[in-house]
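Input: a single structure, listed below in structure tokens.
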Amino acid sequence: MKVDVLLGLQWGDEGKGKIVDYLSPQYDLIARFQGGPNAGHTLVINGEKTVLHIIPSGIFREEVQNVIGNGVVIDPHILMKEIDGLKAKGLSLHNLFIAKKAHLILPTHRYLDAASENAKGKQKIGSTLKGIGPTYMDKTGRNGIRVGDIFSPNFMEKYNGLKEKHQALLQIYPDIEFDLEGEEERFHEAVERMRSLQTIDGPYFINKALKEGKRILAEGAQGSMLDIDYGTYPYVTSSNTVTAGVCTGLGVAPKNIGKVIGITKAYCTRVGSGNFPSELFDENAETLQRVGHEFGATTGRPRRCGWIDLPQLKYVSMINGVDEICLTKIDVLNEFESFGVVDAYVENGQQTDRIPYDLNENIGVHTTQVEGWNKDVKAQQFAELPDKAQAYIKYLEAQLNTPISLISIGPGRDEIVLR
Ligand code: GDP
Ligand code: IMO
Ligand code: MG
């Protein structure tokens, strides 16, 4: 067996949570491999909405194992709050497993995130302020504290050592308000509770499951354009969000990667700072935002909106090795008489498909107008979709040279059309 992958092809919020929840009955195990509580994955089940930040989106299927892999960074307080919320909805959480090599987000990581962003002023990343950057810095700087350390008799010694380093580092930034004492109290309470969770040796757990023939799906967080290496650096997150991240984040050999499903909206959004070539600033942006309810699931910030960007999608398909595409939120285009597709960038008067080294603000875009279907897309089968919606999907398939196998037409669990 191989590990299938579902990951975002844009700047996040493509609808990963919904699709993973939909696909999870086809799998025995769902695993998050990177990121942390900066993610917000929305599931709408029987009209009831749940936003998951750290727990994989297969958790509502009791027979499916859900693994938080070692590439993830975990905030104990947020994890325990999420667990409490799911238990209140009647889930047992017997199917949740946490890799011991996953790193912990300390209160002072969040403090540093906030102080660093504040000091950047206009250049700020627009971080979710969940402490992601500083935690991955400590991981690669070999200073981090991992889930497995909470069982060590000298956990407090390690904790205090790292906290002191952070306090020294905080001196270089202008003062900001942060209730460190209160945050530490909540952190230690949560760590105490985490000791009774099912922790695992991630790579052995996953590879044993593979050997036993279990079907595994790796669930990406963020999107490929937020990847630390291949995204719009420095306006990115601090992990590898692309397919390669599955190998390091779960301990899976490259040869054991199976099908890669890339997910994209029928248009494009971005939250936080950084370049967004196909961004719109007109009434089309307002319509996309209003109809698509484009507000961050983690921070509530309004998402910037624009047209789908083909050079961008071709670039990330190359890096991820995308086999199939899942297209979401096509219903958000229902109101449009016509809408745009960015099919090329324009540099020095020349059209190009190539993403430049620095996706700077001056890059021009070439937009093609597509006729809208201008009615509801209630459908169960591809053939029931309006003709113009079918034509749009076929056009994207031809442009991206990849089949679109799943089409999402609403937030609900079953609002899906299979191709
Ligand atoms: P994720 O981070 O990739 O899991 O995506 P988010 O949950 O942050 O954002 C996607 C938003 O779109 C959520 O509010 C979903 O409920 C919603 N959504 C997902 N698929 C569709 C769809 O096909 N149509 C509509 N209208 N909403 C959708
Ligand atoms: P999901 O998994 C959208 C963005 C932030 C910011 C940048 C860095 O729900 O798709 P960080 O907190 O990681 O330091 O923020 O990345 N960002 C996301 N945008 N969806 C996400 O996750 C995101 N996670 C981080 O807005 O621009
Ligand atoms: Mg999200």
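As the structure lists them, so they are numbered: ligands from 1, and atoms in each ligand from 1.
Counting only non-hydrogen atoms, the option in G126, A297, G272 that gets closest to atom 6 (C) of ligand 2 is G126. Among N38, I416, T328, D331, the residue whose heavy atom lies nearest to atom 26 (N) of ligand 1 is D331. In the candidate list N38, T128, V236, V236 is nearest to atom 8 (C) of ligand 2, counting heavy atoms.
Contacts with ligand 1 closer than 4.0 Å are made by side-chain heavy atoms of A297 only, the backbone lying farther away. Both the backbone and the side chain of T42 come within contact range of ligand 1, each with a heavy atom under 4.0 Å. Only the side chain of R303 comes within 4.0 Å of ligand 1, counting heavy atoms alone; its backbone N, CA, C and O stay farther away.
The shortest heavy-atom distance from K18 to ligand 1 is under 4.0 Å. Distances shorter than 4.0 angstrom do not occur between any heavy atom of R270 and any atom of ligand 2. By the 4.0 Å heavy-atom criterion, K16 is counted among the residues contacting ligand 2. Residue G133 places every heavy atom at 4.0 Å or more from ligand 2. Not a single heavy atom of G8 lies less than 4.0 angstrom from ligand 1.
Considering every non-hydrogen atom in both G306 and L288, the closest pair reads O-CD1, 3.7 Å. Residue V365 comes nearest to P277 through the heavy atom pair CG1-O, 3.5 Å, listed as atom of the first residue, atom of the second, then distance. G36 and V72 get closest at one heavy-atom pair: CA-CG1, 4.3 Å.
Side-chain contact between I216 and V67 is absent, with no heavy atoms from C-beta onward closer than 4.5 Å.
For atom 19 (N) of ligand 2, the nearest protein heavy atom (residue, atom name, distance) is V271 CG1, 3.4 Å. What sits closest to atom 25 (C) of ligand 2 on the protein, heavy atoms only, is Q222 CG, 3.7 Å. For atom 20 (N) of ligand 2, the closest non-hydrogen atom on the protein side is D13 OD1, 3.1 Å. Here the protein heavy atom with the shortest distance to atom 4 (C) of ligand 2 is L226 CD1, 3.9 Å. Here the heavy atom of the protein found nearest to atom 26 (O) of ligand 2 is R301 NH2, 2.9 Å. The protein non-hydrogen atom at the shortest distance from atom 15 (O) of ligand 2 is S127 CA, 3.5 Å.
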*Go through M194 and I150 one step at a time and tell me if the side-chain contact (heavy atoms from CB on, under 4.5 Å) criterion holds.*
CA-CA 8 Å; M194 265 182 80; I150 67 176; 3.9 Å; yes
_salt bridge (charged side-chain N to carboxylate O under 4.0 Å, His left out) between R61 and D21, intermediate numbers included_ = CA-CA 8 Å; R61 317 281 186 174; D21 169 59; 3.7 Å; yes
*Walk me through it: do H103 and Y136 pass the test ring pair (Phe, Tyr, Trp, His ring centres under 6.0 Å)?*
CA-CA 8 Å; H103 280 244; Y136 279 115; 8.0 Å; no
*Please test T352 against V346 for side-chain contact (heavy atoms from CB on, under 4.5 Å), starting from the C-alpha separation and ending with a verdict.*
CA-CA 6 Å; T352 173; V346 182; over 6 Å; no
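Just one of W307, W373, Y392, Y267 meets the ring pair (Phe, Tyr, Trp, His ring centres under 6.0 Å) condition when paired with F336; it is W307.
Few gaps surround CG on D282; more than 12 heavy atoms of other groups in view lie less than 6.0 Å from it. Within a 6.0 Å sphere centred on NZ of K81, other residues, nucleotides and ligands contribute 12 heavy atoms or fewer.
Residue contact annotation: A39 places no N/O/S atom under 2.8 Å from the Mg ion (ligand 3).
The aromatic rings of F155 and H188 lie perpendicular to each other, with more than 60° between the two planes, well past the 30° mark.
Remark: side-chain polar atoms of K130 are not paired, donor with acceptor, to backbone N or O of I105 under 3.5 angstrom. A donor-acceptor distance shorter than 3.5 angstrom exists from the side chain of N320 to the backbone of T243, with no hydrogens or angles considered.
Within ligand 2, the atoms closer than 4.0 Å to a non-hydrogen atom of W11 are 3 (C), 19 (N), numbered from 1 in the order shown. Residue-ligand proximity, I125 to ligand 2, at heavy-atom distances under 4.0 Å covers atoms 6 (C), 8 (C), 27 (O). Every atom of ligand 2 with a heavy atom of A39 under 4.0 Å away is listed here by number and element: 1 (P), 2 (O), 9 (O), 22 (O). Set against the non-hydrogen atoms of G40, the atoms of ligand 2 under 4.0 Å away are 1 (P), 9 (O). With ligand atoms numbered from 1 in the order given, ligand 2 contributes 2 (O) to contacts under 4.0 Å with heavy atoms of A221.
Between the Mg ion (ligand 3) and the N, O or S atoms of D13, the shortest distance is to OD1.
For a threshold of 3.5 Å applied to N or O pairs, the pair formed by G12 and ligand 1 contains no separation below that value. Inclusion of V44 in the set of residues having an N or O under 3.5 Å from an N or O of ligand 1 is not warranted.
A side-chain donor from one of R186 and H77 sits under 3.5 Å from a side-chain acceptor of the other.
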